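Heads up: the structure comes next, in structure tokens.
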Amino acid sequence: RETVAAENDIVCRLLSRRDEKILDILRRRRVSEETITAVRDFIDTDTTTRYQGSECERRLDLSGKAKIGLTHLLGRTISERRGEAGRLVKDYDHVQGSLEQLRRTVAIVPDDATARDAADELKAIIAECASLDQEMKRLERQLVSLRLDRENLEKQLQRTCSKIVEEEIRSEEESRLGWLVIRTQDTMKEFISRSLTRKVSRLSELITDSLCFLLRKKTLIASVQIDPRTLGLKLYDHSGSLIPKHRLSEGEKQILAISVLWGMSQAAARPIPTIVDTPMARLDRIHRQRLVKRYFPHASHQVIVLSTDTEVDAQYFEFLEPYTSRAYHLNYDDNNRMTVVKEGFFWDSGGIAPRFGNGSKDGVA
């Protein structure tokens, strides 16, 4: 309100000077007195109204700079100071609490006489502790020395006892070792015998299966047994009777030999290549067919057949061709006294080699 009143006061003073200039102009222009009177009345009325709006009790009467400072103070500074005052009050309360705690602490502190007595007693206790500490260290050194003596005595006692025990058990050990050697020898002999029997039994089964698979006469031989001691072959029929080997034909003997090789190959711990030389020289047609169809394709992972043209002929070669990798013809050159190797079989030695095993005499591998 003071600001508005001040502004109205300024306006009134400015208008008063202006009104005086207007009346003066009207007089110089010789305007009628009636008009001048009317204008003066209007001016007086307006001035009275404006002065009424500027009437206000001046309590602060601040300058412009003071007004700006007061506005800033009211808007922000008082709020900040209020927060700072709150923090100071909290700090004051905290200090008051600490002061009260210190007063209580000071109140329980003993007087000088009591403190001197306590200090003297503490010095005496410290001196006694130092004396006891020295005594303890002396006893610890003595204890370490006694422990070393005890360890030495224990070691000496242990050596003496060990010597006595060794002397007592030496004779028993010698007799026990002799007994263990004999028992170990017997055990190893038994182990070798059982292991050989088991392996021979397994090999006999494999040879029997191979022979029955290849032999034309199904009822001729029922089983093949290997003697674990001599490793000799014995043939038995279905009635359990022993079959003399001389009763077998040459072809059956050859089938038996091939069966032994096949069984040994199956019993081996690793794949073993198989090489067969003139395999069908003494075999009849049926045995040859069985050998070609049942043995050669399955004898091993790698089979080499050394054959003549009368053994693996065109018919058998056609059957074996899907299982083969290479075929070679080994032809002896009389003039150069050397064997010439050519790819291909007898009738195709100059052409491209069939898909057949691994090279051989005249024929297939």
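All values derive from a computational prediction rather than experimental measurement.
Taking 4.5 Å as the limit, some side-chain heavy atom of Leu248 sits within range of a side-chain heavy atom of Leu235. Using a 4.5 Å heavy-atom cutoff, the side chains of Leu256 and Ile221 are not in contact. Contact annotation: the side chain of Asn331 never approaches that of Thr339 to less than 4.5 Å [non-hydrogen atoms, C-beta and beyond]. Proximity of Arg337 to Tyr332: side-chain heavy atoms (C-beta onward) are separated by under 4.5 Å at one or more points. Annotation: side chain of Leu231 is in contact with side chain of Val200 (closest heavy-atom distance under 4.5 Å). By the 4.5 Å heavy-atom criterion applied to side chains, Tyr323 and Val303 are not counted as neighbours. Residues Leu99 and Arg103 have side chains in contact (heavy-atom distance under 4.5 Å, counting atoms from C-beta outward).
The line from CG of Leu23 to CD of Glu20 is 6.0 Å long, rounded to the nearest 0.5 Å. Taking CD1 from Ile207 and CD1 from Ile258, the interatomic distance works out to 13.0 Å, rounded to the nearest 0.5 Å. Note that OG1 of Thr208 and CG of Leu203 are 9.0 Å apart. Values are rounded to the nearest 0.5 Å. Put simply, CG on Asp313 and CZ on Phe345 are 8.5 Å apart, with the number rounded to the nearest 0.5 Å. One distance of note links CZ of Arg285 with CD of Gln315; it measures 9.0 Å at 0.5 Å rounding.
The side chain to side chain donor-acceptor pair (under 3.5 Å) test applied to Ser32 returns Thr35, not counting sequence neighbours. Residues passing the side chain to side chain donor-acceptor pair (under 3.5 Å) test with Thr310 are Thr308, sequence neighbours excluded. In this structure, the salt bridge (charged side-chain N to carboxylate O under 4.0 Å, His left out) partners of Asp284, at least two apart in sequence or on a different chain, are Arg216. With sequence neighbours left out, the salt bridge (charged side-chain N to carboxylate O under 4.0 Å, His left out) criterion links Asp133 to Lys137. Applying the side chain to side chain donor-acceptor pair (under 3.5 Å) test to Gln101 and every residue at least two apart in sequence or in another chain returns Arg104. For the side chain to side chain donor-acceptor pair (under 3.5 Å) test, residues two or more places apart in sequence or in another chain that qualify with Asn336 are Asp333.
Listed by first and then second residue, the side chain to side chain donor-acceptor pair (under 3.5 Å) pairs that reach into residues 223-239 are Asp227-Thr230, Asp237-Ser239, Ser239-Ser241, sequence neighbours excluded. Residue pairs satisfying the salt bridge (charged side-chain N to carboxylate O under 4.0 Å, His left out) criterion with at least one member in residues 28-40, sequence neighbours excluded, are listed as follows: Asp24-Arg28. Residues in residues 253-275 take part in no side chain to side chain donor-acceptor pair (under 3.5 Å) pair, two or more places apart or across chains.
Counting heavy atoms of neighbouring residues, nucleotides and ligands inside a 6.0 Å radius, atom CD of Gln96 exceeds 12 of them. The number of heavy atoms from other shown groups lying within 6.0 Å of CZ (Phe319) is above 12. The local environment of NE2 in His94 is sparse, with at most 12 non-hydrogen atoms from other residues, nucleotides or ligands closer than 6.0 Å.
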Name the atoms and distances for all side-chain donor-acceptor pairs under 3.5 Å in residues 290-300, with sequence neighbours left out.
residue	atom	partner	partner atom	Å
Arg290	NH1	Phe213	O	3.4
Arg294	NH1	Phe213	O	2.6
Ser300	OG	Ile272	O	2.5

Anything under 3.5 Å between a donor and an acceptor, one on a side chain of residues 138-159, the other on a protein residue two or more places apart or in another chain? List them.
residue	atom	partner	partner atom	Å
Arg138	NE	Glu135	OE1	3.4
Arg138	NH2	Glu135	OE2	2.4
Asn152	ND2	Leu148	O	3.1

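The hydrophobic cluster containing Ile255 does not contain Leu261, counting ILVMFWY residues as joined when their side-chain heavy atoms lie under 4.5 angstrom apart, directly or transitively. No single ILVMFWY cluster, assembled from side-chain heavy atoms under 4.5 Å apart, contains both Leu233 and Leu206. Met264 and Val224 fall within a single hydrophobic cluster, where Ile, Leu, Val, Met, Phe, Trp and Tyr are joined by side-chain heavy atoms under 4.5 Å apart, directly or via other members.
Between Glu252 and the options Leu283, Leu214, Leu215, Leu211, a side-chain contact (heavy atoms from CB on, under 4.5 Å) holds for only Leu215.
Taking both residues in full, the closest heavy atoms of Val31 and Ile36 are given as O-CD1, 3.6 Å, listed atom of the first, atom of the second, then distance.
Applying the 4.5 Å side-chain rule to ILVMFWY residues, one finds Ile126 in the same cluster as Leu122.
Counting only distance, with no hydrogens or angles, the side chain of Asp117 and the backbone of Asp120 share no donor-acceptor pair below 3.5 Å.
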